[in-house]
Structures are given as structure tokens and as C-alpha cells.
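Just so you know, residue 1 is the first one in the sequence shown, and it goes up from there.
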Amino acid sequence: MKYLLTLCMGFFMLLSCNNKSSQSAAIATDEPEVNEDTLFRVIDLANNLKPCSDSLLLSDIVEDVEYVKLEAADNALVGEMYKGYVSDSAIFFSCIGSPIRPHIFMFDRFTGKFIRTIGKSGQGPGEMYSPVNVVAKDSLVYLSSDYRDELFVYKIKNGEFVRCIPLNKPYASAWYYYIGDNRVIHFPFYNVWDGKYSMCDMTIQDFDGNIIQEQTPEVDYTGFDYRNKPNTGFAVAWAYKNHPNVYSFFTDTIYAAFDDTIRPRYFLSLGKYKRPLQLKVCAEWKNYIIFHRFWETKDCLLGSFGLEQKAWFFRYDKKSKEIKTWKQDAEGLKASFPIPPAYEWIIGSAAGITNDIDGCSDHLRKMDYISENQFAICITQDNMDEIRKIVSESTNVKFPEKRQQLLDMIDSMGPDDNPILAIYKLKD
């Protein structure tokens, strides 16, 4: 009996020690709080294409708007915004279509006053042709060209040329890129190597052109040559919380760069609406989901796409995982010449997101990013009458005083004035 009692006491002491050890181990191995931005999520879009009755409102993703009227200086008539970037102190526009004009126009961020031009055409140091995009970071501005596989770097303060950064994966990299700390993140999609095609969604490289990491999908290259290349289009890319993201046409996955690491963040399940890899530009494209743009906030991922010659939006709620979709009638592509049947699937315009912020709309399906958390609508001589009408007829806006400010600015536009930039700030 004494032996049994001693054995039981020993057992309970051992159990107690084990419980304390387990608790200590649990405390010691507790992982830090989960970073919601790095979680991998699956969005089943194919089985949720059921248009909802809720309104698709801009206030769901936007918290504020401001307007900047760009000064119409004699040497700074920019026309319509093509590619622009807004920093904390300045607005930059890349100028395309003229070999003799400067490449970048620079305006004050708040007053719109013209400051200077940056860059010029030619083949000498710091000179280039065919500018495409512009990005500013710290005291430098980075300009790309579809004529050279490099980024041209200039000082913002005086426009002085600094250096060229080679783009290791050149194809389409000039159109979309992000500047980090001694890093260029860009989105080549595919490259020509000895007549064959190499797929690539995202590349992280240093300023000397050395590749740090890249996301290369596993693709069967059998039969791919210059006559039978995959038609991928350009990258659908954006930045969220200073991390560049890109949608991969090859894997239907959204990848993001976190420092020098590329991670998958979302998988978009498209089912039967997934376009075959080697399907060419033809009328059949209308049968498949073709993504146009993505916007992201702390609460949701919002995307636009075309399907069956309709304009679609989807909203994925990060907390509830709810998926909502909206379908809109769309006009086809308009041009001064007849559109070939092979291109009739392209969506020219649609109603877009209802702008309940200030009422301004230029078919908000086309909203273009101008920095990591802002996009812009450019109001020009060509669209001002249409936008004035839309704004005048708008009701129930969040900022009626800004709506009136916009109307006053449009009414004051002269025939030779530069555009008004409506800058919308995304939530968080």
C-alpha cells in the first residue's frame, strides 16, 4: 500500500511537471501575431459570378480626394495624362509621342505650378527616345523607355542625369516597375532567348542588373517559338503598403515582393473561364476572364475584368471571405477605322464604379495608379464637358464641397489650359 501511494504521488508529480513543461513550451513557441498581408488566400471567382444587387461605390475603397490644376506654362503643355507619378512634393508626367520634347514635366504637388522639365531626346549621356513611365523615390526620378532596356535616373532637384540601371529581364519591364532600396522590381512576363520564350511574372534585381529573385511559373514550352508564342498581354500590377504585387496570367496567382522575397498572396480560381495559354487574340477571348486592374485596401481586394463582352468587378472581403460580383453592359472598342472581328471582345468603356466621393467620373474602370496608394482621373479639354455633366447630375456624394470645387475648376478651364488632376487616396 505504501509502495502504491508513493507510485501515485510520483505519477501526479510527473504529470504536473509535464503540464508545466508543455505550457512553458507553448509560451516559448508562440508565433508572433499573424501578418494579414502575407496570408495566402483562395478566391473562388468561377463559382461566384452571381451579380449582386448592392451598389458598387467608390467610398468602399477611397477615403479622400483633392484636385491640382497644372499650370499651363509655354514649355509645359502636357495634354492628356499618359503615365504620371505623384510624390510628397511633386507631380511628374512622362511625355510620349514627340522626339523633340523633354521627357518629364515636373509640377508642384499642391499648387500645380510648373517647376522644370527633366531629360531630353538623343543618343548622348542621359538622352533617350520613346519615354514610357516615370517613378520618383527620395531625391531621384526613374524614367523608362521602350527603346532601351534601361531605367534612366535623374536628380529631382536640378534634373541632372545620374546613371542608367540595366533591366536584366527587359521585355515589358519598361511599362511597370517599382523602386525599392537599391532594388528594381519589375514584371517582364516573357523574354526571347534564342527564338524561344522564357516566362517570368516578377523579377527583383539590384541597380547593377543582378537578379536577386524572380517568380518563374512552370510552363510547358513545347511548341513555343516566335510563330507560336503565348499571348500574355502586359502585367496587371500595383503596390499595397509599399509591396509591389502582380497577377500572373500563367498561374492565376497574385505574387508580392517582401524585401528580397517573392510570396504568393492570392489564388484566383477561374475554372472554365481560365483562358488557355496559347489562345491568340481572337473573338474567343470574350469567353474567358481577362483582368484589367486591381485595387487593395486593408479590408478588401477589388478587381475588374472582362467576360462575355461585359465589364465585371469583384470584391473579396479579407475578413469574412465573402465574394461579391457586379456585371455591367459595356461598349466595344472605338476607333477611327473599322475594328477587326478578332478585336471585338475588347471593352472600350462601361459605367465603372459609382463615384459617391465627389461625383467625378471618366468611366472609373480605367483608374490609373499614380503612387502606391493613390490613383488619378485626368480632366482635359477632351473630356471636361462629359465630366462636368456627370458631376452636375451627381447626388448623395460624401464631399459636396469638393464636388462644387471641382465644378468651379472645370468652369474656369480655358482652351489652352493644362489638365486638372483629381487625386483619390485609397483607404489605409
With a 4.0 Å cut-off, would you call [X] and [Y] a salt bridge?
| X | Y | answer |
| --- | --- | --- |
| Asp206 | Arg183 | no |
| Asp208 | Arg163 | yes |
| Arg148 | Glu150 | yes |

Do you know the tightest heavy-atom contact between [X] and [Y]?
| X | Y | result |
| --- | --- | --- |
| Gly306 | Ile347 | CA-CD1, 3.7 Å |
| Ile118 | Met106 | CD1-SD, 4.3 Å |
| Ile115 | Asp108 | CD1-N, 3.6 Å |
| Ser145 | Met128 | CB-CE, 2.8 Å |

[X] side-chain N/O to [Y] backbone N/O, donor-acceptor pair under 3.5 Å:
| X | Y | value |
| --- | --- | --- |
| Ser59 | Ile357 | no |
| Asn168 | Pro166 | no |
| Thr354 | Asp356 | no |
| Asn383 | Cys378 | yes |

Ring of Phe399, cation from Lys425 - is the NZ or CZ under 6.0 Å from the centre and inside 45° of the axis?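 Output no; distance or angle outside limits.
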Determine, for Phe249 and Lys274, whether the Lys NZ or Arg CZ falls below 6.0 Å from the six-membered ring centre while staying within 45 degrees of the axis. yes
Is the closest side-chain heavy-atom distance between Trp312 and Leu49 below 4.5 Å?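 In contact.
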Side-chain heavy-atom pair Phe291, Leu270 within 4.5 angstrom cut-off: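 When only atoms from C-beta onward are counted, Leu270 and Phe291 do touch, with a gap below 4.5 Å.
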Could you tell me how the ring of Phe314 sits relative to the ring of Phe294: parallel (under 30°), tilted (30 to 60°) or perpendicular (over 60°)?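 Ring orientation of Phe314 relative to Phe294: perpendicular.
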Name the orientation class of the two ring planes belonging to Phe105 and Phe107 (parallel below 30°, tilted from 30 to 60°, perpendicular beyond 60°).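 Phe105 vs Phe107 ring planes: tilted.
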Between Tyr424 and Phe375 (judged by ring centroids, cut-off 6.0 Å), do the two rings come close enough to count as a pair?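 That pair passes the under 6.0 Å test.
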Trace of the side-chain contact (heavy atoms from CB on, under 4.5 Å) decision for Tyr247 with Ile254: CA-CA 4 Å; Tyr247 163 75; Ile254 291 172; 4.2 Å; yes
Say whether Tyr240 and Asn373, considering side chains only, have a donor N or O and an acceptor N or O under 3.5 Å apart.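 Checked: Tyr240/Asn373 side chains show no N/O donor-acceptor pair below 3.5 Å.
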